[in-house]
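When reading the values below, keep in mind they use all heavy atoms of this one structure, side chains included, and skip hydrogens, waters and symmetry mates. Numbers here are sequence positions counted from 1.
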Amino acid sequence: MPVPEPSFSVGVEEEYLLVDCRSRDLTPDPPPSMLRECQARCADPEQVTPEFLRSQIEVGTRVCGTVSEARADLARLRATICEVAAQHGLAPIAASTHPFARWTEQRRTERDRYSALADELQGTARRMLICGMHVHVGIEDEELRIDLMSQLSYFLPHLLALSCSSPFFEGEDTGLNSYRLTIFDALPRTGLPEQFASWAEYARHVKVLVRAGVMEDASKIWWDLRPSARFPTLETRIMDVCTRLDDAESLAALVISTLRMLWRLRNGNQRWRVYTPMLVNENRWRAMRYSFDAGMIDLGQGRVITFAEALDDLIALIEPDARVLGCAEAVLRSREILSRGASAHRQRAVFAEARAAGADHREALAAVVDWLIETTAKV
């Protein structure tokens, strides 16, 4: 039976790290007045909020009707954080890890929610010096939300590969392009989403854990993709935070256009094949390790293809939907990420260039921070 078209509204959340402009290290204790001033500059103060660690700050767009509207709101929020932080000798960086900061030197935000998390998760929470980008898409029908969650899982590694921004951690090149997920995956209820036949089945599983007292509600489910516990949205969470605003817009456009394509197929009595987590996890790992450099497994063909082929296939599928949603240009711009590299590629290139110019290891890492500061501020 056809399902009416969802609103396909969009909202984007980004987490930033706050850097001391002199040392290029994270500031473990930014002044409280900075957060208050950022909030005062927003029509809704909830658009700027603290995060688990005091060296982090989170922003969230309004509920937007189009991707371009979300980009404009995100640009305004980035500019606000940059301007206010500069008054305190600080700067935000849109990257999922800091090149050399140490988690042992960070301080936790004093809030009941974060204190409870720290008490429950212990060392796995204290290491959470990582940031991400979340894209909410309005899908009001609960059954449709669950159905599309199962189908969209196939494309999660594609989104991660394009967003990678965490190659360095505590002063070392990790060899991965998204080291963030190795830290996040240590928490419970993370990774690829489970597959459910209905909303009722999903709700029953959540109720088991709530009744058992192991979590308060569904907001403690931290899968790569989940039904939001607060909004009638499907929330894509697998992505590293994008250093370039253009890339953030492209990723949001890919998410919402892919969801509309899956809805369109469903209304034509078709659907994307749902693959087991065992298979999708192989591509998830390839994206974490290589970004898009080593290709992806086409699970239908059972062979590795270049990421350019995989992206071209996806764009061909979703381009009609991107046109309807008004974000075709942002979708096509995702190809530029392949030609110039994701943030992780650029960070390594900046590091190598600094070393070749005579910088020592720490100075080269500081040069990476400088690039992150500059690029984050380009809105």
**Item:** Step-by-step side-chain contact (heavy atoms from CB on, under 4.5 Å) determination, T80 to V48
**Value:** CA-CA 10 Å; T80 297; V48 182; 5.7 Å; no
**Request:** Under the salt bridge (charged side-chain N to carboxylate O under 4.0 Å, His left out) rule, what do R102 and D25 come out as? Steps first, then yes or no, please.
**Result:** CA-CA 9 Å; R102 298 197 173 274; D25 201 347; over 6 Å; no
**Request:** Starting from the C-alpha separation in whole Å, work towards a yes-or-no answer on side-chain contact (heavy atoms from CB on, under 4.5 Å) for L117 and M128.
**Result:** CA-CA 11 Å; L117 282 174; M128 288 274 290; over 6 Å; no
**Asked** Where do D147 and L262 land on the side-chain contact (heavy atoms from CB on, under 4.5 Å) test, with the steps shown first?
**Response** CA-CA 9 Å; D147 186 25; L262 295 173; over 6 Å; no
**Item:** side-chain contact (heavy atoms from CB on, under 4.5 Å) evaluation trace for I305 with D313
**Value:** CA-CA 11 Å; I305 62 175; D313 289 345; 4.2 Å; yes
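In the hydrophobic clustering of ILVMFWY residues, with side-chain heavy atoms under 4.5 Å counting as a link, Y290 and F292 come out apart. Residue L225 is grouped with residue F196 when hydrophobic side chains (ILVMFWY) are merged at heavy-atom distances under 4.5 angstrom, including chains of intermediate members. Under the 4.5 Å side-chain heavy-atom criterion for ILVMFWY residues, a single connected hydrophobic cluster contains both L299 and L311. Note on V274: it does not cluster hydrophobically with L259, by side-chain heavy-atom contacts below 4.5 Å among ILVMFWY residues. In this structure, I256 is not a member of the same hydrophobic cluster as V324, with clusters built from ILVMFWY side-chain heavy atoms closer than 4.5 Å.
Among S163, S250, S343, C164, the one residue that satisfies the side chain to side chain contact (heavy atoms under 4.5 Å, CB included) test with C242 is S163.
Between the S9 side chain and the G65 main chain, no donor and acceptor come within less than 3.5 Å of each other. A distance-only check finds a donor-acceptor pair linking the side chain of E170 to the backbone of W103 [under 3.5 Å]. A distance-only check finds a donor-acceptor pair linking the side chain of N177 to the backbone of R289 [under 3.5 Å]. In this structure a side-chain-to-backbone donor-acceptor pair under 3.5 Å is missing from E58 to E15. In terms of modelled atom types and a separation under 3.5 Å, the side chain of T97 and the main chain of I130 share no donor-acceptor contact. With hydrogens and angles disregarded, a donor-acceptor distance shorter than 3.5 Å links the side chain of Q195 to the backbone of Y275. Under a 3.5 Å cut-off, the side chain of R355 and the backbone N or O of A364 do not form any donor-acceptor pair. The backbone N or O of E336 sits less than 3.5 Å from a side-chain atom of S339, completing a donor-acceptor pair.
Taking the ring pair (Phe, Tyr, Trp, His ring centres under 6.0 Å) definition, one finds that W285 meets it with nothing, sequence neighbours left out. H136 meets the ring pair (Phe, Tyr, Trp, His ring centres under 6.0 Å) test with F231; sequence neighbours excluded. Residues meeting the ring pair (Phe, Tyr, Trp, His ring centres under 6.0 Å) test with H88, sequence neighbours left out: none. Under the rule for a salt bridge (Lys or Arg N to Asp or Glu O under 4.0 Å), R127 has no partner lying at least two apart in sequence or in another chain. Residues passing the ring pair (Phe, Tyr, Trp, His ring centres under 6.0 Å) test with F100, sequence neighbours excluded: H98. By the salt bridge (Lys or Arg N to Asp or Glu O under 4.0 Å) test, D185 pairs with R284, sequence neighbours left out. Applying the salt bridge (Lys or Arg N to Asp or Glu O under 4.0 Å) rule to R226 yields the partners E235; only residues at least two apart in sequence or on another chain are considered. Taking E374 as the reference, K378 meet the salt bridge (Lys or Arg N to Asp or Glu O under 4.0 Å) condition, with sequence neighbours excluded. The side chain to side chain contact (heavy atoms under 4.5 Å, CB included) test applied to V214 returns L209, A212, not counting sequence neighbours.
Salt-bridge annotation for R54 and E110: absent, with no side-chain N of the basic residue lying under 4.0 Å from a carboxylate O of the acidic one. E282 has no carboxylate O lying under 4.0 Å from a charged side-chain N of R286, or vice versa, which leaves the two without a salt bridge. A salt bridge does not link D44 to R62: none of the charged nitrogens lies less than 4.0 Å from a carboxylate oxygen. Between R333 and D247 there is no salt bridge, since no side-chain nitrogen of the basic residue lies less than 4.0 Å from a carboxylate oxygen of the acidic one.
Sorted by first and then second residue, the pairs that involve residues 354-379 and meet ring-ring contact (aromatic ring centres under 6.0 Å, His included), not counting sequence neighbours, are F351-H361. Listed by first and then second residue, the ring-ring contact (aromatic ring centres under 6.0 Å, His included) pairs that reach into residues 313-335 come to none, sequence neighbours excluded. For residues 2-60, the ring-ring contact (aromatic ring centres under 6.0 Å, His included) pairs, not counting sequence neighbours, are F52-Y114.
Between P157 and I238 the shortest heavy-atom distance is N-CD1, 4.4 Å. In terms of heavy atoms, T109 sits closest to E51 at OG1-O, 2.6 Å. When every heavy atom of L74 is checked against every heavy atom of A248, the shortest pair comes out as CD2-CB, 4.2 Å. Between A287 and M296, the shortest heavy-atom contact is CB-CE, 4.4 Å. Shortest non-hydrogen contact noted between A252 and V12 is CB-CG2, 4.2 Å. Pairing each heavy atom of A161 with each of S291, the nearest pair is O-OG, 2.6 Å.
Rounded to the nearest 0.5 angstrom, Y154 OH and N283 CG are separated by 6.5 Å. The CD1 atom of I81 sits 10.0 Å away from the CZ atom of R76 when rounded to the nearest 0.5 Å. Distance CE/M34 to CG/L90: 6.0 Å, rounded to 0.5 Å. To the nearest 0.5 Å, the span separating CH2 on W199 from CG on D141 amounts to 10.0 Å. With rounding to the nearest 0.5 angstrom, the CZ atom of F168 is 12.5 Å from the CG atom of L176. A distance of 11.0 Å separates OG1 in T124 from CD1 in I183, rounded to the nearest 0.5 Å.
Heavy atoms of other residues, nucleotides or ligands lying less than 6.0 angstrom from CD of E363 number more than 12. E46 CD: 12 or fewer foreign heavy atoms inside a 6.0 Å radius. Heavy-atom contacts from other residues, nucleotides or ligands closer than 6.0 Å to CZ of R111 number 12 or fewer.
Between the side chains of S198 and E201, no donor-acceptor pair is found at a separation under 3.5 Å. Side-chain contact of S165 with R346: a donor-acceptor pair under 3.5 Å is absent, judged by distance alone. In summary, the side chains of S219 and D217 do present a donor paired with an acceptor at a separation below 3.5 Å, with no hydrogens or angles considered.
Between Y179 and F169, the angle of the ring planes lies from 30° to 60°, which puts this pair in the tilted group.
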